[in-house]
Structures are given as structure tokens and as C-alpha cells.
Protein chains: 2
Amino acid sequence: MALTREQVVGTAVGILSDFGLADLSMRRLARELDVQVGALYWHVKNKQELLVDVAARLLGGIDAGVMHPGAPADPGAARAAVERLARAVRAALVPVPDSAEVVQLAQTMQPAALRPLTRLRDLLEEAGVPPARSAWAQHLLLNHILGSVAAQQDRAVLEEAGTERGGPDLGEEAFAWGVDVILAGVLGVREPSPRTA
Amino acid sequence: MALTREQVVGTAVGILSDFGLADLSMRRLARELDVQVGALYWHVKNKQELLVDVAARLLGGIDAGVMHPGAPADPGAARAAVERLARAVRAALVPVPDSAEVVQLAQTMQPAALRPLTRLRDLLEEAGVPPARSAWAQHLLLNHILGSVAAQQDRAVLEEAGTERGGPDLGEEAFAWGVDVILAGVLGVREPSPRTA
DNA sequence: ACCTGAACACCGTTCAAGT
DNA sequence: ACCTGAACACCGTTCAAGT
């Protein structure tokens with residue numbers, strides 16, 4: 001049977017997950033698929049385009065319940081939804097090495113391809129961010145998410161290599177704190193959200 | 001005369017500034033210095049170590065007046081100092097392609113080598129961030145700075161390539177807004193700083 | 001101490017030619 | 001339509017050997 005683009009992307013995600021971006025070469029990918037390198041270029045324009053698809057698939061598994069598009073909710077609920085979605089994005093990326101780098105590349109090359117991230121901007125507007133600022137707020141939040149993911153992964157790699165460089169833990173707790181700080185700065189201090197009150 | 005490490009780093013900064021990270025290869029660097037590739041490895045352990053030095057030099061030019069270590073100032077002044085230093089870091093990186101990537105690499109590999117960034121953390125503490133949170137706040141701010149630099153550079157590159165993808169401007173204004181949002185979230189809303197009042 | 005020459009094991013991309 | 005074979009122009013790193 002003929003190779004498909006989905007197969008190519010899927011195998012790329014596999015290599016990335018198991019070995020990291022340094023090992024995700026077109027040649028390695030071809031070897032894994034039992035084809036010659038040139039074959040890949042029939043299914044994909046170049047490596048960058050492939051990585052955009054990889055990023056989209058990494059974020060594609062985010063639960064529909066977390067995205068929950070629908071009737072515009074009240075600001076308090078939207079703010080909670082932003083927090084949930086931010087956590088979901090982080091959770092999807094943390095287990096995949098170098099995923100932050102790949103997502104950043106995709107976000108610059110084809111932002112529309114990453115639905116959960118455009119959804120983040122929509123939710124921010126629903127939560128009360130003026131449209132003129134929502135793209136800025138989205139970037140602020142995304143930089144925090146990706147930076148947090150990268151920091152945690154680098155830390156794990158350095159520890160594995162025996163390079164114990166102390167430093168504070170930058171895990172889930174720091175992440176949640178950062179989201180709170182950003183939303184407090186953007187939306188004002190948190191008020192007890194009147195959940196369906 | 002024998003090659004020096006300073007020469008190697010200086011030439012690397014030059015290539016990065018003029019052509020970007022993709023063109024900064026050990027072989028290209030050797031060519032520019034009129035030596036064989038192997039010669040570089042007497043002065044530098046490997047490429048990563050070289051890039052740490054490159055990052056340090058990029059930030060090394062930041063004015064001492066902006067860093068201004070000295071007697072612990074009052075919180076309001078320290079907050080203003082954070083804002084100035086953040087702007088100075090951004091200004092140092094913006095003209096150098098891919099500098100955000102290089103600084104991020106250096107920050108993970110050898111954070112102590114980037115003095116302006118450790119100074120940022122100190123200033124945040126002076127401004128009132130509890131020590132237990134200062135490293136988190138430093139990261140939050142740094143992710144914003146680097147993300148902002150990268151976004152602006154990518155935008156310039158895409159425009160140069162004719163890929164007009166609209167999107168909002170993420171320049172100085174968005175940057176300043178982000179710094180304000182973060183500091184507001186971390187320190188509370190800005191109060192009219194009593195400058196030497 | 002400092003550098004050359006040469007090798008090792010890789011890259012991404014292209015493209016005529018095959019089926 | 002889909003893939004092979006082979007080339008082009010590169011990489012980072014190592015290391016015996018030279019001076």
C-alpha cells in the first residue's frame with residue numbers, strides 16, 4: 001500500500017516523542033518507514049511543513065470538553081475555561097521532548113493550524129480582554145506555557161545527564177502561579193467566580 | 001598571532017548578527033577566521049559552549065547604568081529598574097537574528113553566565129517579590145522578553161519573504177504592555193511611584 | 001601550545017528515471 | 001501517482017600528526 005501523509009506525520013510524532021527533535025531527521029524518518037528519503041518529499045513540501053503538522057497533531061488530542069465552543073459564557077466561566085485550556089495544552093506537550101520548540105515554529109509559520117491556541121484567544125475575549133489586546137494576551141500566555149514546558153523538560157534532561165544545577169522547581173505549581181499572575185494582570189485580581197450562582 | 005577564544009566568539013557574534021543562526025556553523029566560522037575547523041575545538045569545547053559565550057556577549061553590552069547595582073533602593077524605584085532592564089535586554093536582542101533562541105539555550109545551560117538576567121531576579125526581589133517566587137517571576141518575565149523578540153524577528157523575516165500574514169504588531173508597545181501586565185500581576189497594580197518624593 | 005589534514009557519521013533537498 | 005537511486009552541498013566532532 002502507498003505511503004500516506006498521515007503515516008509520515010504519525011511516525012514523525014513517534015520519533016519526536018521517543019527520541020527528541022535532534023533525532024527527527026528526514027532520513028531517520030524515511031528509514032523508519034522503509035522508504036527512500038526522496039519519497040517523503042512527495043507527501044510533504046519540506047521539513048518545516050511537516051513540523052507544523054506534527055505540532056497540530058500534538059495539540060489535536062486536547063479534549064473537546066476543554067475546548068467547549070458554544071454559547072458565549074459569562075466572564076467568570078470563560079476565565080476558568082482559559083485556565084483549564086492552558087493546563088490541557090501544557091499537559092499535552094510536557095511528555096513530548098522539544099515539543100515547545102516545534103509548537104513555536106508552527107505558531108509562527110501557520111498560527112491558524114493550531115486550533116487550541118486560537119481558541120485560547122477567543123476565550124480570553126469572552127473573559128473580558130478587549131479585542132485590541134487579545135492577541136497580545138494570547139502571546140503572553142502562550143510564551144508562559146511554552147517556556148514552562150521547555151524549562152521542565154530541560155531540567156529533566158540535565159538531571160538525567162547528571163548535571164545537577166539546583167535551581168527552583170519549575171513544574172506544575174510554578175506554571176499555575178504564572179497563569180494566575182498573567183490573568184490577574186490582564187483581567188484584574190481574581191474574584192470568587194459566581195459559578196452558576 | 002595565535003587565535004584567541006575572544007576572536008572566535010566575536011566572529012561568531014558577527015555571523016549571527018549578519019546572517020542568523022542557520023549560517024553560524026563551526027565550518028563557516030572557521031572559514032571566516034582562516035583556520036581549519038579542528039582549530040576551533042582547541043579554543044572551545046563544542047558549539048553549545050560557544051553559543052553560551054555568544055549569548056553572554058550579546059547581553060554584555062547592556063549599560064552599567066541600567067544594571068546599577070548598589071544600595072537597595074525602595075520598591076517603587078526597583079520596579080522602575082526592572083522595567084528599564086527588561087527594555088534594555090529586549091533592545092540588545094532585537095537587532096540580532098535568532099538571539100532569543102541563543103539566549104534561551106544559554107539560560108538553560110549556564111544561567112549564571114548571563115548577569116543581566118540574574119540581576120533581573122535581584123531587582124524583582126527588591127521590588128517586593130518574595131524570594132520563594134523571584135525565580136518564577138524572573139522566568140515569567142524572561143519568557144515574555146524572549147517571546148516578544150522572537151515574534152518581532154519572525155514577523156520581519158516573513159514580511160521580507162513576502163508572506164504577509166497580517167496579524168497584530170507585536171512590537172515595543174505590546175512588549176511594554178506585557179511587562180506591565182506581569183508586574184501588575186506579581187506586585188499589584190501600579191501606584192504612582194514616589195520618585196525620591 | 002596551537003593548528004592541519006583527513007576522516008567519521010551524519011544532514012535537507014532535488015530530480016531524472018523507473019513502475 | 002508514487003517511489004528509487006544518486007547526487008549536491010552541506011553539517012559537528014575527533015584525532016593523529018605536524019610545528
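Each chain gets a letter, A, B and so on, in the order the sequences are listed, and its residues count up from 1. Remember, it's a predicted structure, so these values are computed and weren't measured experimentally.
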Can you tell if the side chain of [X] reaches within under 4.5 Å of the side chain of [Y], non-hydrogen atoms only?
X: B:Gln107; Y: B:Gln104; result: no
X: A:Val181; Y: B:Val181; result: no
X: B:Pro97; Y: B:Leu21; result: no

With a 3.5 Å distance limit and no angle check, can you tell me whether B:Glu49 reaches the backbone of B:Lys45 through a side-chain donor-acceptor pair?
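At least one qualifying donor-acceptor pair exists.
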Please name all residues satisfying side chain to side chain donor-acceptor pair (under 3.5 Å) with A:Asp53, sequence neighbours left out, ordered by chain then number.
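Checked A:Asp53 against side chain to side chain donor-acceptor pair (under 3.5 Å); matches are A:Arg5.
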Start at the 5' end of DNA chain C and walk down; is the nucleotide closest to B:Leu3 or to A:Gln48 reached first?
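Going by which nucleotide is closer to the 5' end, it is B:Leu3.
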Under a 3.5 Å limit for both distances, which nucleotide forms a Watson-Crick or G-U wobble pair with D:dG12, could you say?
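Pair assignment: D:dG12 / C:dC8.
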Identify the nucleotide, in any strand shown, that forms a Watson-Crick or G-U wobble pair with D:dA1, with both distances under 3.5 Å; if there is none, say none.
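Partner of D:dA1: C:dT19.
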Select from B:Arg27 and A:Val37 the residue whose nearest nucleotide in DNA chain D is closer to the 5' end of that strand.
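So the residue in question is A:Val37.
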Applying a 4.0 Å non-hydrogen cut-off, can you work out what B:Ala2 is touching in the nucleic acid: base, sugar-phosphate, or nothing?
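Sugar-phosphate, no base atom in range.
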For a quick check under 3.5 Å, do B:Gln152 and B:Arg90 share a side-chain donor-acceptor pair by atom type?
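Per modelled atom types, B:Gln152 and B:Arg90 side chains form a pair under 3.5 Å.
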Could you tell me the boundaries of the chain A footprint on DNA chain C, defined by atoms under 4.0 Å from its heavy atoms?
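The contact span of chain A on DNA chain C goes from C:dC11 to C:dC15.
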Using the P atom as the reference point in each nucleotide, state the distance between C:dC10 and D:dA9 in Å, no decimals.
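My reading of the P atoms in C:dC10 and D:dA9 gives 22 Å.
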